[in-house]
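So the structure is just underneath, and the comments pick up after that.
Not measured: the values here are computed from a predicted model. We count ligands from 1, going down the list as the structure has it; atoms in each ligand are counted the same way.
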Amino acid sequence: MKKIAVFASGSGSNFQAILDVVRTGELAADISLLVCDKPGALAIDRARADRVPSFVFQAKDYLSKEEYEKAILAELKRYDVEFIVLAGYMRLLGPTLLTAYQGRIINIHPSLLPAFPGKDAIGKALAAKAKWSGVTIHFVDEGMDTGPIIVQERVKLEAKETRESLQRKIQRIEHKLYPEILQMLLTQGDVIDDKKTRAY
Ligand code: GAR
């Protein structure tokens with residue numbers, strides 16, 4: 001069973017969705033570690049409730065991104081983590097993690113990339129009066145939500161769409177799609193080979 005780490009910064013509802021399908025046996029993975037950069041985040045409580053170890057840090061306690069990513073990397077090695085799942089982790093990854101886990105890091109983003117990258121994609125879609133938005137799952141590179149896309153699913157914005165209603169629709173998709181794609185990637189033996197991941 002592949003050992004995965006989930007990185008989160010906030011509520012961790014996607015982390016919870018992944019935990020739930022692991023518990024039911026629908027997803028064959030071992031969630032070995034939660035990495036969280038926000039002490040007090042709800043994601044940490046979710047990990048504790050499910051007995052998943054967590055590594056919690058604050059970037060300001062380190063001299064640089066390289067320093068805190070080295071600390072994360074040491075934890076990932078300690079738990080033999082093979083695959084990284086970003087689930088609302090609101091930081092760009094640097095070369096320390098990208099090199100160590102090349103082709104083995106995925107992210108979920110609440111828009112149809114390349115539209116509305118970065119923070120508050122839902123607010124940006126509403127402000128732009130977009131007719132469609134959605135969810136993107138992609139491999140992670142050094143850019144802001146720019147890596148090769150694995151899958152996208154659309155949602156239509158209604159005339160009376162609010163932030164709450166759009167967020168609800170998007171999260172419903174995220175919580176179903178992320179575990180499904182994870183299952184697909186983890187059961188493909190060649191996912192570890194970063195040359196082949198580009199073919200998805
Ligand atoms: C999710 O909607 C995810 O797509 C988004 O953060 C939310 C985290 O929610 N990620 C990004 O915007 C990444 N650029 P959660 O903590 O409840 O899973």
Atom pair CG (Asn107) and CD1 (Ile84), whose distance is rounded to the nearest 0.5 Å: 11.5 Å
Flag for Ser64-Glu66: side-chain donor and acceptor within less than 3.5 Å: no
Test: Arg23 and Asp20 ion pair at under 4.0 Å: no
By ring pair (Phe, Tyr, Trp, His ring centres under 6.0 Å) - contacts of Phe7 (at least two apart): Tyr89
Residues in side chain to side chain donor-acceptor pair (under 3.5 Å) contact with Arg172, at least two apart in sequence or another chain: none
Residues in contact with ligand 1, criterion: heavy atom under 4.0 Å: Ser11, Gly12, Ser13, Asn14, Gly88, Met90, Ile108, His109, Pro110, Gly118, Asp145, Gln171, Glu174
Ring pair (Phe, Tyr, Trp, His ring centres under 6.0 Å) partners for Tyr68, two or more places apart: Phe57
